[in-house]
Amino acid sequence: MNDQTQERAAQPSAAPATLARYDFAAAEPRWQAEWDRRACFAVPDVPPPDSKKYYVLEMFPYPSGKIHMGHVRNYTLGDVVARYKRARGHLVMHPMGWDAFGLPAENAARERGIHPGKWTYDNIANMRAELQRMGLSLEWAREFATCDVGYYGKQQKLFLDFWKAGLVERKESWVNWDPVDGTVLANEQVIEGRGWRSGALVEKKKLSQWFLSITKYAPELLEALDGLDRWPDRVKLMQSNWIGRSEGARVRFRLTDSKVAGTGEVEVFTTRPDTLFGMSFLAVAAEHPLAAAAASRDPHAAEFVAECRRMGTSEAVIEQAEKRGYDTGFRVAHPFLEGVSFPVWIANFVLMEYGTGAIFGCPGHDQRDMEFARKYGLTVLPVVLPPGEDPARFTLGDVAYTDDGTIFNSGFLDGLDVPAAKRRVIEELEKTGQGTGVVNWRLRDWGISRQRYWGCPIPVIHCEACGAVPVPEEQLPVVLPEDVDFSRPGNPLDHHPGWKHVACPQCGSPARRETDTCDTFVDSSWYFARFCSPGAAEPVTRPAVDAWLPVDQYIGGIEHAILHLLYSRFFTRAMKATGHLSVEEPFAGLFTQGMVQHESYKGADGRWLYPEEVEFSAAADGSRIATVKGSNEAVTIGRVEAMSKSKRNTVDPGAIIGRYGADTARWFILSDNPPDRDMEWTESGVAGAFRFTQRLWRLASGAVAGLPPAGAPFAEAAGPARKLRQATHRTIAAVTEALEGFAFNVAVARIHEFANAIGEAEGQAGAEGMGAARREALETLARLAAPMMPHLAEEVFAALNPGAAALVAQMPWPEADPELLKAETLTLAVQVLGKLRATIEVPVGESEERIFALAEAEENVQRALGGKPVKKRIHVPGRVVNLVV
RNA sequence: GCGGGCGUGGUGGAACGGUAGACACGCUGGAUUUAGGUUCCAGUGGCGCAAGCCAUGGGGGUUCGAGUCCCUCCGCCCGCACCA
């Protein structure tokens, strides 16, 4: 092989007068096919024991029909990591799949009469082709869609396993019900109290739903956040807030009216049991049983409860709403004060979902209670005395005192500080059986029931006699019926003529299938595990998941900071508890990318315009004038904001790749700014990236004819060749460091600098040893750029090594030679009193004494010293000399 | 309201407490080209003829030295929110 290359290189070949442009349209598919042919990105389900595994995963896409720039950014970032880690000697798994269940497919069915399955799989085919054009180093053999029976059937098995393990519950809960669409809506789907699709007023309805017991893992999910050291703090904080641990007490209050239905007690949760003696009322949520009891005997109470319910769940509404209440007439006894009782109110600010749905009101030390008390003329008794206040004279206005202080007016708690009083009062409550110290969590169990067709059927059969019965495992999968009717509102599974009618697996009598399907967040909660053995008969196979999990680097949008990431963490624990996995955390490293934004444009009539409908010219003052293409209609240039279909400020990745190639798109998206920030997509930026790909190709292809064969010796002596080699090896070090730190924009800048250095060295092509140095530089350039622009890297490498079999995609990462990282001389900044006055060039290893002498000899330094004696000399080797006078 | 983050040229952004503005976009001038969304060269933070001075949202502090650390104010962004 060596002879062959030498022979070719020896052939005289005149440099062409004009260099051919890099033909990305031909090169990109060719290299993609070559990677594919050599299965460069395939890994075994069970890696060899001595291999260093690395699992790179980007959040899989919903198959909406087309990829968007957010996908391009996401998958480019992941591909850089995958290609880099592969070159660093890791066995890299980098799979792709589809989060394929969900509402849009059903909407397509209703609006256009296309079956959700066909719509989804057609979209997948489109989007797969688009992703393949990006040249991603994906292992397509692992691909699956969550709507494949082969996937959701295994999910049903997990559901049954979770059920057996006590992690599934069926319970009644309040839901957002869209009466027109006949389905439950997620909170995010309720907009100003109305269904986002139907526009119907959303009702609060109590429904029997399936729940996954995520709250059982609340403590673990919170504590384990500390160990996720490669997660952004922001995400950990958001999860921590969402889980919402708070310490306090549950206190039972005895109702003084024995005629009230139920136990004759109300239980409240409080984080301030120390203020129990400052109580002036008790308040319950409108959905609380006690409110119902009041409503049943008092029409005004009933009216107030109905009003609260109508108010809906919209946050905006809640924020605006003033604190309102209704006195039920019931009273509760104080736990420690004999004969003292307080009124029970229904209050619109008490949430049934949090704590016990009931609170005790202490206006003195809770601002919200204060407002309520002032409005309804309730007592305000301070029980925490701020430091330095006189207990005899201390009073409160309209602002509650919430800080620490000394307890007073509080019987056995008097004189204690707040933490001590909390401990003491809990002790007393527990002793007298009136309450307990508890930890309360904001996290709720995860309701997964959706009244939808296009989702994973919940594998349950309802029998009159036996209740909810699991579908026997041998009857799995429960397959979605194909013949469904979308002409009626509601869940097609529910009004399917035959599907739901089955025999009870336990008693054999006629029974009914569960027609609810799983929330699609369930589907995305374990796909990363399925990728390890996508064809397995079980949900996962232990050797595969044990070897590959956790995901080493997960990459996706910040919008999933809570739900998807929290659900996946829960699932991983639940799968461990049911023997499917041995890890507890799914994602060891998480990177959250910023959004892709674009200017928005509006025509004269206020309609939104796509960027390609707009053209620009320069005004006399240099500002841009925008008009509609092909007309002189003025266009208003709007804000730069996240690309969205509604504002039409989108750019189609397919069009960009067609015009400039995938490498250009990838290069631009990486170069613009740090990947965790929002980036602006600009036409000029893409054009600049395109020019750089051409420049890189020119540098390499223009040099080929004049280069010595691979392996030619390097010149030893100092000179231009050594200088170029130093640039090469410094770039290796710098790019490596940048890639390690996700500073892809910096990696791009270093490669730009290096290309500039190679371009400058062209002028000295005749210097001794320059040929070998240039070959090394150009090959290194290609290999360092390869994670970002993989096709061009192959093309350049192949041009430099005609006939060589090696692919950059299979080559190890370049190593920087420490010898070449050393400099012969250093430039030191010379400061006087911290201000830069001169720079001096000194040989490496120069004595400090001599450096100070050189520094002080500088004319500018002398002037700055102004004849004053130097009091202190500071030398930071390789950086700076600072003279203090 | 609570929590978090961020303010650097015309723009995106670089910068282990050590020469602020790397690199790129844009712009200006020049050259080459039949042409240019081509290529090449030079310039490009502000003020100043220059020496030089001033500059990282404002003010203060720590330090020999601060874009970087601390305090404070201002502005913007994000998350959560009648959470008891």
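The chains referred to below are lettered A, B, ... by the order of the sequence lines, with proteins before strands, and numbering in each begins at 1. The basis for the numbers below is simple: all heavy atoms, side chains too, and nothing from hydrogens, waters or symmetry mates.
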Could you please name the option among B:U38, B:U19, B:C83 that lies closest to any side-chain atom of A:Gln831? B:U19
Please classify the nucleic acid contact of A:Leu237 as base, sugar-phosphate, or nothing, using heavy-atom distances under 4.0 Å. sugar-phosphate
Using Watson-Crick geometry (N1-N3 plus N6-O4 or O6-N4) or G-U wobble (N1-O2, O6-N3), each under 3.5 Å, B:A81 is paired with none
Output yes when at least one side-chain N/O atom of A:Lys835 is less than 4.0 Å from OP1 or OP2 of B:C54, else no. yes
Using a cut-off of 4.0 Å on non-hydrogen atoms, how would the nucleic acid contact of A:Lys871 be classed: base, sugar-phosphate, or nothing? nothing
Using atom CG of A:Leu225 as one end and atom C1' of B:G3 as the other, report the distance to the nearest whole Å. 15 Å
Between B:G75 and B:G30, how far apart are the two P atoms, rounded to whole Å? 47 Å
Across all strands shown, which nucleotide pairs with B:G21 by Watson-Crick or G-U wobble geometry, both distances under 3.5 Å? none
In whole Å, measure the gap between the C1' atoms of B:G43 and B:G5 for me. 37 Å
Between P on B:A81 and CG on A:Leu443, what's the gap in Å once rounded to a whole number? 13 Å
Give me the ring orientation class for A:Phe372 and A:Trp345: parallel if the planes are under 30° apart, tilted from 30 to 60°, perpendicular past 60°. perpendicular
Say we look at B:A24 and B:A42: how far apart would their P atoms be, to the nearest angstrom? 13 Å
A:Val748 near the nucleic acid: base, sugar-phosphate alone, or nothing, with a heavy-atom cut-off under 4.0 Å? nothing
Rounded to the nearest Å, what distance is computed from the CD atom of residue A:Glu680 to the C1' atom of nucleotide B:G10? 13 Å
Is A:Thr827 touching bases, backbone alone, or none of the nucleic acid, heavy atoms closer than 4.0 Å? base
Is the number of heavy atoms from other residues, nucleotides or ligands under 6.0 Å of A:Glu841 CD greater than 12? yes
Partner nucleotide, any strand, of B:C6 [Watson-Crick/G-U, under 3.5 Å]: B:G75
If you compare every side-chain N and O of A:Arg698 against the phosphate oxygens of B:C40 (OP1, OP2), does one of them come in below 4.0 Å? yes
Say we look at B:G17 and B:G52: how far apart would their C1' atoms be, to the nearest angstrom? 27 Å
Compare side-chain N and O positions of A:Arg234 against OP1 and OP2 of B:G79 and report whether any pair is under 4.0 Å apart. no
Indicate, with a heavy-atom threshold strictly under 4.0 Å, whether A:Arg750 touches base, sugar-phosphate, or nothing. base
Think A:Arg879 has a side-chain N or O under 4.0 angstrom from the OP1 or OP2 of B:C16? no
Contact class for A:Glu753 (heavy atom, under 4.0 Å): base, sugar-phosphate, or nothing? sugar-phosphate
Check: A:Ile851 and A:His875 side chains under 4.5 Å, non-hydrogen atoms: yes
Student check: side-chain heavy atoms of A:Glu859 and A:Arg863 closer than 4.5 Å: yes
Which residue lies more 5' along RNA chain B, comparing A:Asn860 with A:Phe692 via nearest heavy atoms: A:Phe692
Out of B:C23, B:A14, B:A84, which has the shortest distance to the side chain of A:Asn745? B:A14
Syn or anti for B:G9 (syn when the glycosidic angle lies within 90° of 0): syn
Quick check on B:U19: is either OP1 or OP2 less than 4.0 Å from any side-chain nitrogen or oxygen of A:Arg837? no
With a 3.5 Å cut-off and just heavy-atom distances, do the side chain of A:Asn882 and the base of B:C64 make a donor-acceptor pair? yes
With the side chain defined as heavy atoms from C-beta on, A:Trp242 is closest, among B:G18, B:A84, B:A81, to B:A81
Using purine N1 to pyrimidine N3 plus N6-O4 or O6-N4 for Watson-Crick, or N1-O2 and O6-N3 for G-U wobble, both under 3.5 Å, which nucleotide pairs with B:U38? none
Indicate, with a heavy-atom threshold strictly under 4.0 Å, whether A:Val884 touches base, sugar-phosphate, or nothing. sugar-phosphate
Hey, is CZ on A:Arg234 packed in by over 12 heavy atoms from elsewhere, all under 6.0 Å? no
From CG of A:Leu670 over to C1' of B:A24, roughly how many Å is that when rounded to an integer? 14 Å
So, do A:Tyr376 and A:Phe281 have ring centers that fall under 6.0 Å from each other? no
Considering only the C1' atoms, how many Å lie between B:C71 and B:G21, rounded to the nearest integer? 28 Å
Distance between C1' atoms of B:A31 and B:C77 (Å, rounded): 46 Å
With a 4.0 Å limit, can you tell me whether A:Arg691 has a side-chain N or O closer than that to the phosphate oxygens OP1/OP2 of B:C25? yes
Identify the nucleotide, in any strand shown, that forms a Watson-Crick or G-U wobble pair with B:U62, with both distances under 3.5 Å; if there is none, say none. none
Given RNA chain B, 5'-ward residue of the pair A:Arg863 and A:Glu353, judged by closest heavy atom: A:Arg863
When both distances are under 3.5 Å in a Watson-Crick or G-U wobble arrangement, the nucleotide paired with B:C27 is B:G43
Counting side-chain heavy atoms from CB outward, which of B:C23, B:A15, B:A84 is closest to A:Ala749? B:C23
Between A:Asp678 (CG) and B:C76 (C1'), how many Å, whole number? 13 Å
Mind calculating the distance between CG (A:Asn673) and C1' (B:C6) to the nearest angstrom? 14 Å
Please measure how far the C1' atom in B:U34 lies from the corresponding atom in B:U44, and state the result in whole Å. 32 Å
Could you check how far CD of A:Glu287 sits from P of B:C82, rounded to whole Å? 13 Å
Would the base of B:C64 count as contacting A:Lys872 through its side chain, where contact means a donor and an acceptor less than 3.5 Å apart? no
Using the P atom on both, measure B:A20 against B:U56 and round to a whole Å. 12 Å
Looking for any heavy atom pair under 4.0 Å, which part of the strands does A:Thr839 touch: base, sugar-phosphate only, or nothing? base
Note: A:Arg750-A:Glu753 ion pair, threshold 4.0 Å (strictly below): yes
Rounded interatomic separation in angstrom, taking CZ from A:Arg695 and C1' from B:C25: 15 Å
Any salt bridge between A:Arg324 and A:Glu307, counting N to O under 4.0 Å? yes
Could you tell me whether A:Asn756 contacts a base, only the sugar-phosphate backbone, or nothing, with contacts defined as non-hydrogen atoms closer than 4.0 Å? sugar-phosphate
Could you check, using the six-membered ring where one of them is a Trp, whether A:Phe742 and A:Phe744 have ring centers closer than 6.0 angstrom? yes
